[in-house]
Amino acid sequence: SLWLVSSLMDKVCGLFGIIQVNMTTRFTDNENKTISDSLTGLMWQESYAYFETGSNISWYDAQEYIKKLNQHKLGGYSDWRLPGRLEIQSLYEFALPFKSRGKTFILHINPIFEFSYGSCFWTSKTRFSASLGFEFDVGDIHWYPKGSQTGTVRAVRNNWSPQQMIEPSWTREALRA
């Protein structure tokens with residue numbers, strides 16, 4: 001079983017290499033403030049709360065932000081929500097250099113998305129009075145108090161399964177070995 005996990009991880013890592021090479025074909029700007037992801041089937045908000053408000057918000061405020069997106073029917077839809085942990089992590093890119101104010105920075109999200117400051121994004125995963133936040137600047141995830149002004153929001157819609165990111169033949173090959 002350890003070989004199976006190792007084999008699948010090798011395949012997934014190879015897949016992420018493909019994603020980086022072909023990232024322009026992975027995402028489509030729908031021209032209605034939304035971005036479609038052909039790999040996962042998810043639809044993402046092009047902008048995000050920090051870009052629009054200029055500050056981080058609490059997890060509770062994130063719920064209100066999502067409610068407003070649904071009331072205004074962003075992109076014509078009213079089923080926007082906070083992403084799950086794996087969903088937001090699926091947007092993470094290992095290294096995309098960009099220049100700003102004379103300095104070179106590493107961007108960890110495809111430039112098709114609006115991105116400036118506010119790199120910690122709230123997820124739907126909660127435990128008691130905390131919620132998981134994913135940090136794009138370092139690619140890490142941490143528990144934060146729901147009431148802290150720690151994160152921002154990039155809303156998502158549609159359902160998916162992480163298995164969508166794994167080529168079906170990989171699992172068949174690994175199970176035969």
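Side chains are part of it too, since the values below use all heavy atoms of this structure and drop only hydrogens, waters and symmetry mates.
A side chain to side chain contact (heavy atoms under 4.5 Å, CB included) with W122 holds for exactly one of T150, I88, T152; it is T150.
With S38 contributing its side chain and R26 its backbone, the two residues share a donor-acceptor pair below 3.5 Å. A distance-only check finds no donor-acceptor pair linking the side chain of S131 to the backbone of W59 [under 3.5 Å]. Judged by distance alone, the side chain of Q45 and the main-chain N or O of A155 form a donor-acceptor pair under 3.5 Å. Using a distance-only test at 3.5 Å, with no hydrogens or angles considered, a donor-acceptor pair links the side chain of T40 to the main chain of L42. A donor-acceptor pair under 3.5 Å is formed between the side chain of T53 and the backbone N or O of A49.
Rounded to the nearest 0.5 angstrom, C120 SG and H142 NE2 are separated by 8.0 Å. Considering CD of Q149 and OG of S58, their distance stands at 5.0 Å, rounded to 0.5 Å. In this structure, OH in Y77 is found 4.0 Å from CE in M43, a value given to the nearest 0.5 Å. To the nearest 0.5 Å, the span separating CG on D37 from CD on E87 amounts to 10.5 Å. Atom CZ of F128 and atom CH2 of W143 lie 9.5 Å apart (nearest 0.5 Å). The NE2 atom of H108 lies 13.5 Å from the CD atom of Q89; values are rounded to the nearest 0.5 Å.
E64 pairs by the side chain to side chain contact (heavy atoms under 4.5 Å, CB included) definition with K67, not counting sequence neighbours. By the salt bridge (charged side-chain N to carboxylate O under 4.0 Å, His left out) test, D79 pairs with R157, sequence neighbours left out. In terms of the ring-ring contact (aromatic ring centres under 6.0 Å, His included) criterion, residue partners of F136 (sequence neighbours excluded) are, by chain and number, F121, F134. Residues satisfying the salt bridge (charged side-chain N to carboxylate O under 4.0 Å, His left out) test with K33, not counting sequence neighbours, are none. With sequence neighbours left out, I112 forms a side chain to side chain contact (heavy atoms under 4.5 Å, CB included) with F27, D29, I35, N110.
Under the 4.5 Å side-chain heavy-atom criterion for Ile, Leu, Val, Met, Phe, Trp and Tyr, Y92 and W44 are members of the same hydrophobic cluster. Cluster annotation: Y60 is connected to W80 through the hydrophobic network of ILVMFWY side chains, with a link wherever side-chain heavy atoms come within less than 4.5 Å.
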Query raised in the report: What do the steps show when you test T123 against L82 for side-chain contact (heavy atoms from CB on, under 4.5 Å), and what is the final call?
Result: CA-CA 6 Å; T123 71; L82 284 177; 6.0 Å; no
Report task. Start with the C-alpha gap between T126 and K146, add the side-chain angles, then the distance that decides, and say whether side-chain contact (heavy atoms from CB on, under 4.5 Å) holds. Result -> CA-CA 8 Å; T126 63; K146 290 180 184 178; 3.6 Å; yes
Query raised in the report: When you look at V153 and Y48, which way does the side-chain contact (heavy atoms from CB on, under 4.5 Å) test go after all the steps?
Result: CA-CA 6 Å; V153 179; Y48 66 110; 5.9 Å; no
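A donor atom on one side chain and an acceptor atom on the other are not found under 3.5 Å apart for H72 and N70.
The list of salt bridge (charged side-chain N to carboxylate O under 4.0 Å, His left out) pairs with a residue in residues 51-63, not counting sequence neighbours, is empty.
Nearest approach of P83 to V156, heavy atoms of both residues: CA-CG1, 3.5 Å.
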